[in-house]
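A short write-up of the structure that comes next.
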Amino acid sequence: MPDSTNAANPPGQGGSSDSLLRLIADSIPALMAYYDVPALRCQFANQGYAAYNGHTTESILGLTVQQAIGDKAWQAIQPHVERSTRREHVKYTREQTLPNGEVRMIEVNLIPHFDATSAQLGSFVLITDITERWRAERQVRQSEERMRKFTEATDEAIVFHRDGIITDGNEALTRLTGYALQEVVGVSIFHFISPEWRAVALDYTRTGREDPYEVTIRHKDGHAIPVEVVGKTMPMHHADYRIVVVRDITARKQAQEREAFIALHDTLTQLPNRHFLMEQLSQVLSLARRRHGRAAVLFVNLDHFKTVNDSLGHHAGDQLLCNVAERLRQGVRDADVVARLGGDEFVVVLTDVQGPDDAARVADKLLESMHGVFTLGQVPLTVSPSIGISLFPEHAATGDALLRCADAAMHHAKDSGRGNRQFYTPSMEASAIDVLQHERLLREAIVDNAFVLHYQPQICLEDGSLQGLEALVRWRHPQRGLVGPDEFITFSESRGLITPIGRWVMREACRQLKAWQDKGLALVPVAINLSALEFRQRDVAGEIAAVLRDTGLAPQYLGIELTESVLMHQTGQVLDTLNALKALGVGISIDDFGTGYSSLAYLKRYPIDSLKIDRSFVVDTPGNPDDVAIVTAIIQMARSLQLKTVAEGVETPAQVQLLKDLGCDLIQGHVVSVPLDAEALQRWMRDFSA
Ligand code: C2E
Ligand code: MG
Ligand code: MG
């Protein structure tokens, strides 16, 4: 290129430096020419420039610009050329279509050439092909455009920042944060992140990590928004930008919290479940240990809950459990734990007790609170819980062991007539070995017929006459003497041993009554108890018919006692059996009536003779008005269905008077006689009739 200060010599003329210049000019990848001013005649052109315009380096010399490049091109560039003749350095870009149709982008520089006195002698023309760069830039522009379109279209908030300072953001970002874009641009991203999360975000930003992470940001109105963010580093405009996608994960967090809650709580009552209970219990115990404090575990089980479920349906059962959960929760302090293990089993942990008296007081309060009537829809219902209590550190040191102790005590409470509370004592816990031993002895008892029946009289309230006997089985235990049915009936059911026991009871009761009748005694029916399982498993009607035939007892002298739950199962089969028994002339009673039951529907459907009002309703009369109301209602209802009523567990003269006033038909209980063995009962009957 000619030196513009050496302006006296236009390029392309004279000597060996000329040929070198020409060589260079023809070799560089640019078009080059020199026109004088003001005539604008070509003084020099490299090969590229001349050829591009259809000339040779010689033929182009002396042509004006217009002649050199043609009219059409001249029209397009004339204003630029004119500016360049007025001493201006002009630079412009222009699309060029090559003869082969290809479109190139060129950059044209028109550089004025002055002499030493600053007079303009001419202009250099320098044309470079910038198609590649132009394409690359266009691509960047398009991708920026695309990015903008994308960031606006997406629901995810997107923020651009450089070294933590926000440079841009999209619509969704302003929707998410409540800030307008101009409020965030120029501000540090950390300003929007909750303080406790800043260190994490800083770490990710500094190290350029690109995996997603979670932080909490603050909305303009101050509320916290859990978000997941993914940052990507993007080289752009010669700097590293971070593009960060911010995703609102409030819904996901809520779902996770809900899941965590469900994992630790019972879905029905929302109380902690067993898992959570054990966690909390272990915390309570470690705290108590540190402080040399004490704690109590109450195992609460509803009596006869199954009957509610069976007779009123699961929906009512669920409702009842929720009500019970609430009463338990209300009955203890906030610091105490109330949990549901499943079914009708609840556990209360008293976190701070001074001793057994405190625990007893709370248990009594809970018993009291549940004694009131629950209303399920239209149906009033009473519930009695049995509560077992274990104490830390007296009874056990671990949560598991305390729970086991309380469970054993609860079973003891059930055995002690339900609706009460019992403290754990070591004798309550049967070991696995004890259970095996129990089973072995029971099997031996069956082989040896080591059972005995006691009979309890039922008398008429109106005239005081003997109206019936109930046969109650006992086990002659080799070590323990007589053992009551509560200790082995359910157990033998679970071991498949109930059938031989039940058969023996049936045959023995019929044989004994026939023997008495042959002596002119006991011209009243004897009732035997049949558990729900026996009723399901055995051909009760067929067996009874056979036993009556074998023993010669007249059918009207035999009765059976069934619990309500029997009637709730497979109604068709039950109805057939009961009809068959009825046809034989055998009496049918519903035992333990009122424990959770309230529907009249099935009573009408079955051929039933009498209802036995459960002892739990009688025991607190006449003092407890709720119980008086329930007993009254049962007697009224039985009357309207033309059923006889028998009150169980009558112990006091005041109860006798009340039941008489209420129109109850028969009573059975210690006030008349405890259950007696055959010999003793025979004496009792002789004295009674005398
Ligand atoms: P249940 O049929 O309701 O029998 C009444 C229970 O109440 C008897 O308990 C009886 O001793 C007791 N009892 C009667 N009067 C009074 C009283 O005034 N005060 C108190 N506190 N209790 C009184 P037992 O003999 O321990 O029988 C318990 C349960 O075992 C019976 O309840 C019955 O469901 C079942 N059972 C008894 N014998 C048999 C049997 O041969 N087969 C079957 N499957 N179950 C039987
Ligand atoms: Mg009974
Ligand atoms: Mg009963």
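Index from 1, following the sequence.
A search for side-chain contact (heavy atoms from CB on, under 4.5 Å) contacts involving D358 returns V353, Q354, R361, not counting sequence neighbours. Not counting sequence neighbours, the partners of N529 by the side-chain contact (heavy atoms from CB on, under 4.5 Å) test are E470, L472, E561, D591. Remark: A546 engages R549 in a side-chain contact (heavy atoms from CB on, under 4.5 Å) (not counting sequence neighbours). The side chain to side chain donor-acceptor pair (under 3.5 Å) search around K414 returns N301, D303, not counting sequence neighbours. Partners of R329 under the side chain to side chain donor-acceptor pair (under 3.5 Å) rule, at least two apart in sequence or in another chain, do not exist in this structure. Partners of Q512 under the side chain to side chain donor-acceptor pair (under 3.5 Å) rule, at least two apart in sequence or in another chain, do not exist in this structure. E487 pairs by the side chain to side chain donor-acceptor pair (under 3.5 Å) definition with R480, not counting sequence neighbours. Partners of R639 by side-chain contact (heavy atoms from CB on, under 4.5 Å), not counting sequence neighbours, listed by chain and number: Q636.
Screening residues 381-413 for ring pair (Phe, Tyr, Trp, His ring centres under 6.0 Å), with sequence neighbours left out, gives H395-Y424. The ring pair (Phe, Tyr, Trp, His ring centres under 6.0 Å) pairs that include a residue from residues 633-687 are W684-F688, where partners are two or more places apart or lie in different chains. For residues 506-550, every residue pair satisfying the ring pair (Phe, Tyr, Trp, His ring centres under 6.0 Å) rule, not counting sequence neighbours, is listed here: Y455-W516. Residue pairs that meet the salt bridge (Lys or Arg N to Asp or Glu O under 4.0 Å) test with at least one member in residues 620-632, sequence neighbours left out, do not exist here.
Counting only heavy atoms from C-beta outward, the side chains of L575 and P607 approach each other to under 4.5 Å. With a 4.5 Å cut-off on side-chain heavy atoms, L521 and R686 count as touching. A 4.5 Å side-chain heavy-atom check between Y557 and V526 finds every atom pair outside the cut-off. Using a 4.5 Å cut-off on side-chain heavy atoms (C-beta onward), L611 and I613 make no contact. Contact of the K660 side chain with the I667 side chain is not registered, since no non-hydrogen atoms from C-beta on lie closer than 4.5 Å.
Taking all atoms of both residues into account, the shortest heavy-atom contact from L643 to I608 is CD2-O, 3.0 Å. Pairing each heavy atom of Q456 with each of S673, the nearest pair is NE2-O, 3.0 Å. Listed here is the closest heavy atom pair of A647 and V618: CB-CG2, 4.4 Å.
For the pair R511 and E508, the salt-bridge criterion is met [side-chain N within less than 4.0 Å of a carboxylate O]. A salt bridge links R507 and D550; the closest N-O separation between the charged side-chain nitrogens and carboxylate oxygens is under 4.0 Å.
In this structure, R340 contributes its side chain and L271 its backbone to no donor-acceptor pair below 3.5 Å. Remark: the backbone N or O of D614 is not paired with any side-chain donor or acceptor of D592 at under 3.5 angstrom. The main-chain N or O of D665 is found under 3.5 Å from a side-chain atom of T645 such that the two form a donor-acceptor pair.
Taking a 6.0 Å sphere around CD of E651, one finds it holds more than 12 heavy atoms contributed by other residues, nucleotides or ligands. Counting non-hydrogen atoms of neighbouring residues, nucleotides and ligands closer than 6.0 angstrom, the CD atom of Q642 reaches no more than 12 such neighbours.
Interatomic distance, E493 CD to F488 CZ, rounded to the nearest 0.5 Å: 11.5 Å.
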Notebook entry, point to check: Given the rule in the side-chain contact (heavy atoms from CB on, under 4.5 Å) test, do V619 and T621 qualify, once you have shown the distances and angles that lead to the verdict?
Noted result: CA-CA 6 Å; V619 67; T621 59; over 6 Å; no

Next item on the list: Evaluate the side-chain contact (heavy atoms from CB on, under 4.5 Å) criterion for residues V324 and M370: first the C-alpha distance (whole Å), next the side-chain angles of each, then the deciding distance (0.1 Å), finally the verdict.
Entry: CA-CA 7 Å; V324 166; M370 286 208 249; 3.7 Å; yes

Next item on the list: Take L298 and L350 through the test side-chain contact (heavy atoms from CB on, under 4.5 Å) and record every step on the way to the result.
Entry: CA-CA 8 Å; L298 276 56; L350 305 178; 3.9 Å; yes

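Considering K612, E648, Q467 in turn, K612 is the only one that fulfils the side-chain hydrogen bond (donor to acceptor under 3.5 Å, both in side chains) rule with Q668.
Judged by distance alone, the side chains of T398 and D400 never bring a donor and an acceptor atom under 3.5 Å apart.
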